[in-house]
Structures are given as C-alpha cells and as structure tokens.
Amino acid sequence: MAGITNRAFRTVCTLWGAQFSFTEMISAESVIRNLKAVQKMLPRSESNVAVQLFGSEPKTLAQAAKIVEPYAAWIDINAACPVKKVIKKNSGGALLKDLDRLSKIVESVKSAVDKPVTVKIRIGFEDNDLDRIMERCIESGADGIEVHGRTVAQQYSHRATWDLKLSQYCIPTAVSGDIYEVSDVYKAIEISGARAVLVARGALRKPWIFSQIVQSRTPTIEEVKGMFMEHLKMQIEDEGEKSIYKMRQFIAGYTHGMRGAREFREKFMKIDSLDTMKNCVEEFFNSFLMNECKTNVVEWIEDSQSRRCCT
Ligand SMILES: Cc1cc2nc3c(=O)[nH]c(=O)nc-3n(C[C@H](O)[C@H](O)[C@H](O)COP(=O)(O)O)c2cc1C
C-alpha cells in the first residue's frame, strides 16, 4: 500500500507470519532519474519482498526493473491503481484500457530481468474484462497475476468480488480485496480459485492477522505492545523524529477493540516527542493489562466486531 507498506511495516507483517510482501508502488521513471530518492522504498535486509513498479513506457519499466532487480524477490507491475494522477499518465489501472501496451510492458520487463515478473490487475477498467486481461498477461510471459476484485472505476466502493474463476488459468494467482478475517481467507480462496490471498487494509486494521491465518494464533496483549515498540524502533531507524507522524497511521490497529482506545488515540495524535510516545503506549497497555486481566496469560477472544479479554 502506497504511503503505508514501508520497511518497518513490512517487517512487522513478516514477523507476524506474512509469507511475502510488496513494496509501495514505485515510479519507474523515478528509479531511472534518481535511484537515491526512491532507495528508502526498496527492500533492505528483507527476504521475499517483491518490488512493485508503475509506469507507461515498456522501455522505462524494463530499465527500472533491471536496476531494482537486485533488491527484489521478484518484480511486480502495477496495472491496478485507480488514482487520477496515475491514470492520467497512462499508468496503473489505465493499462487495463490499453492491453497492447500492458502486453509490451510485461514482455519488455520479462526480457530485462531474470527474476519472476508478476502483474497486479483489477477485473477491468469500467466493466469486467478479466478473461481478456488474464489471457494477455499470460501470453506476454507473466509468471503470476494478482487480482483485485473490483474495476478501476469502482475504486474502493462496493464489495470486492471473489467470483473470479482463477483456477481455469494456467498461472499462479492471488486474490485481493476485503480480506479482514481468517474466515475471509478460506472463503476467498475457495470462491476465487486463487492460490494465495493478499491482505492490505486488513493488515493495517490488525497486523497480527497473519499469525491468525498461518499459525491459528492470536497474540497476547503483551506481545502486541512488544510489536508496537519493535515497529516504532524500526521506523525510527529509517525516519528518525518523523516517525511520530508515521506511527499515527498504525495506532488504531494496535489498540483496536481495547477499552479506552478512542480516548487514547486522541491523546496519541497530539504527541510530539518520541519519548512521550513510548511512555504513553507503555502506560496505556500496562493499565489495560492491570485493569482488564488478572494475569498476563491473556487470550483475546474475537467476535465479528470487538475483542474481549479473559484470563
Ligand atoms: C492506501 C492504499 C494504498 C494502496 N497502494 C497500493 C499500491 O501501491 N500498489 C498496489 O498494488 N495496490 C495498492 N493498494 C490496493 C491494495 O493492494 C488492495 O488491492 C486493495 O486495497 C484491496 O484489498 P483490501 O480490501 O485488502 O484493502 C492500495 C490500497 C490502499 C487502501
């Protein structure tokens, strides 16, 4: 997710059990013009991270893919982004209106790199055109396709469809869209026929969803606090003081469903020093543990909306 999935957050997701992740989408032109400017978006001492590129010119994407290849587990091409300024430049989701261009991009990137090349698509630009898009990506040599079950025009409205019939295509596929709970994972796999699921906003809401999916395990509150601190530490290593603002994106997820979370978040948004941030988080989690639970052996019991805590 652009603006969200930086190294610190990717690492948190991996520590909870995510089996692979993606960088934020990176402009192919920027990679060529000034690699230094985008360097911080590239994986560093991480494994299984795909580097996602966006752009409109086959040659530019191929050149950029070659440059970022050493950092990447594989290269992913964005043909899904609905953001206006990306579409205007014939990139992202606009490629779904111009399948000849998308094919050339896939072919050029494939011939430029040795690592696998995947494509992130939506089901169509305005209408469902999934079959044609899949066939063109496959013919062009893609090694895998991730499908977000909405059209570009839908942006993020409506429910994502998982009715994609992906098992009919002879290529590894992943399904994306509206995966928030473990039960969604199994439903999405069964309905879509995909081999893998991608969790996006669900990971922001609940970073340990990967632990629930992969290990059938919900972490203790103590562990969630520990992970927040680890996340903050990694964020500070990369961005120093600015981390105060960055962590605001994540606090709702870390405190979701906890008593007093709303008041705490309001306070958190006003914090202006890293030391205060650490102390406030420590205090909030500790008081939660003391007030809500008799022991530290905490099991979070999840129903559809909220969590209770019991000993
Ligand atoms: C803030 C935000 C940023 C996103 N950035 C990207 C991106 O850079 N590349 C990409 O392929 N998808 C991006 N997406 C789309 C997600 O990867 C995903 O396909 C979509 O949100 C549907 O999945 P979800 O319902 O699990 O969130 C972004 C989504 C959000 C909400």
Side-chain angles (χ1 to χ4, degrees), residues 1-7 9-10 13 18 20-28 30-31 38 40-43 49-55 61 64 68 72-87 89 91-96 102 105-106 109 117-124 130 133 137 142 144-162 164 166 173-189 191-192 194 196-210 212-213 246 248-250 252-253:
M1 287 177 283
I4 296 170
T5 329
N6 62 7
R7 179 188 77 103
F9 190 54
R10 286 194 302 265
C13 294
F20 55 87
S21 61
F22 298 80
T23 63
E24 304 166 64
M25 61 182 210
I26 303 175
S27 148
S30 310
V31 170
V38 295
K40 68 172 189 203
M41 296 168 92
L42 295 171
V49 182
V51 173
Q52 190 184 69
L53 296 173
F54 73 98
L61 275 142
V68 301
W74 75 90
I75 305 291
D76 188 48
I77 298 165
N78 186 311
C81 178
V83 172
K84 261 196 193 144
K85 66 177 185 197
V86 175
I87 298 283
K89 292 191 166 177
S91 308
L95 295 173
L96 302 183
L102 177 59
I105 289 174
V106 177
V109 173
V117 175
T118 57
V119 191
K120 167 82 177 294
I121 62 170
R122 288 185 174 226
I123 56 175
L130 183 61
I133 300 167
C137 290
I145 303 175
E146 308 101 44
V147 187
H148 175 184
R150 290 185 174 91
T151 62
V152 176
Q154 284 177 324
Q155 303 207 5
Y156 292 92
S157 64
H158 303 86
R159 264 200 76 82
T161 180
W162 296 332
L164 303 167
L166 295 175
T173 52
V175 56
S176 163
D178 293 342
I179 294 179
Y180 291 104
E181 298 296 338
V182 177
S183 56
D184 296 332
V185 172
Y186 293 105
K187 271 189 233 154
I189 292 268
I191 298 171
S192 68
V197 290
L198 307 182
V199 184
R201 288 168 296 176
L204 196 54
R205 196 187 280 186
K206 192 167 71 171
W208 53 90
I209 187 171
F210 302 105
Q212 296 179 318
I213 297 168
K246 191 73 184 174
R248 290 179 185 173
Q249 290 180 327
F250 301 105

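Both counts, for ligands and for their atoms, begin at 1 and track the order of listing. For this chain, numbers begin at 1 and follow the sequence in order.
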Suppose we measure from [atom] to each protein heavy atom; which comes out shortest, and what is that distance?
| atom | value |
| --- | --- |
| atom 1 (C) of ligand 1 | Ile4 CD1, 3.9 Å |
| atom 17 (O) of ligand 1 | Lys120 NZ, 3.1 Å |
| atom 14 (N) of ligand 1 | Tyr156 OH, 3.6 Å |
| atom 5 (N) of ligand 1 | Ala2 N, 2.8 Å |
| atom 26 (O) of ligand 1 | Ala200 N, 3.2 Å |
| atom 20 (C) of ligand 1 | His148 CE1, 3.6 Å |
| atom 25 (O) of ligand 1 | Asp178 N, 2.6 Å |

Backbone N or O of [Y] within a donor-acceptor pair of the [X] side chain at under 3.5 Å?
| X | Y | value |
| --- | --- | --- |
| Gln52 | Asp76 | no |
| Arg150 | Arg122 | no |
| Ser183 | Glu181 | no |

Original post:
Nearest heavy atom to atom 19 (O) of ligand 1: which of Ser176, Ala188, Gly149, Ala50 does it belong to?
Top reply: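 Looking at heavy atoms only, the winner is Ser176.
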
**OP:** Give a yes or no on whether a salt bridge exists between Lys187 and Asp178, defined as a side-chain N under 4.0 angstrom from a carboxylate O.
**Re:**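 So Lys187 does not pair with Asp178 through a salt bridge.
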
Original post:
Does Gly177 come within less than 4.0 angstrom of ligand 1, counting non-hydrogen atoms of the residue?
Top reply: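 Yes, Gly177 has a heavy atom closer than 4.0 Å to ligand 1.
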
**OP:** Mind running side chain to side chain contact (heavy atoms under 4.5 Å, CB included) on Val175 and Ile191 for me, showing each step along the way?
**Re:** CA-CA 10 Å; Val175 56; Ile191 298 171; over 6 Å; no

Which atoms of ligand 1 sit under 4.0 Å from any heavy atom of [X]?
| X | value |
| --- | --- |
| Met25 | 8 (O) |
| Asn78 | 9 (N), 10 (C), 11 (O) |
| Arg201 | 21 (O), 24 (P), 25 (O), 26 (O), 27 (O), 31 (C) |

Subject >> Proximity of Gln52 to ligand 1 by residue part, where a heavy atom lies under 4.0 Å >> reply: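 The side chain, only.
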
Original post:
Relative to each other, are the rings of Tyr156 and His148 parallel, tilted or perpendicular (30° and 60° limits)?
Top reply: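 Tilted: the ring planes of Tyr156 and His148 meet at 30° to 60°.
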
**OP:** Could you check if a side-chain atom of Ile121 sits within less than 4.5 angstrom of a side-chain atom of Leu95, using non-hydrogen atoms only?
**Re:**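 Heavy-atom side-chain distance check fails, nothing below 4.5 Å.
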
Original post:
Quick one: side-chain contact (heavy atoms from CB on, under 4.5 Å) partners of Ala174, sequence neighbours excluded?
Top reply: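 If we apply the side-chain contact (heavy atoms from CB on, under 4.5 Å) test to Ala174, skipping adjacent residues, the hits are Glu146, Ala196, Leu198.
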
Original post:
Taking only residues two or more places apart in sequence, or in another chain, which ones meet Phe9 in a ring pair (Phe, Tyr, Trp, His ring centres under 6.0 Å)?
Top reply: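 Scan of Phe9 (ring pair (Phe, Tyr, Trp, His ring centres under 6.0 Å), adjacent residues dropped) gives His231, Phe250.
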
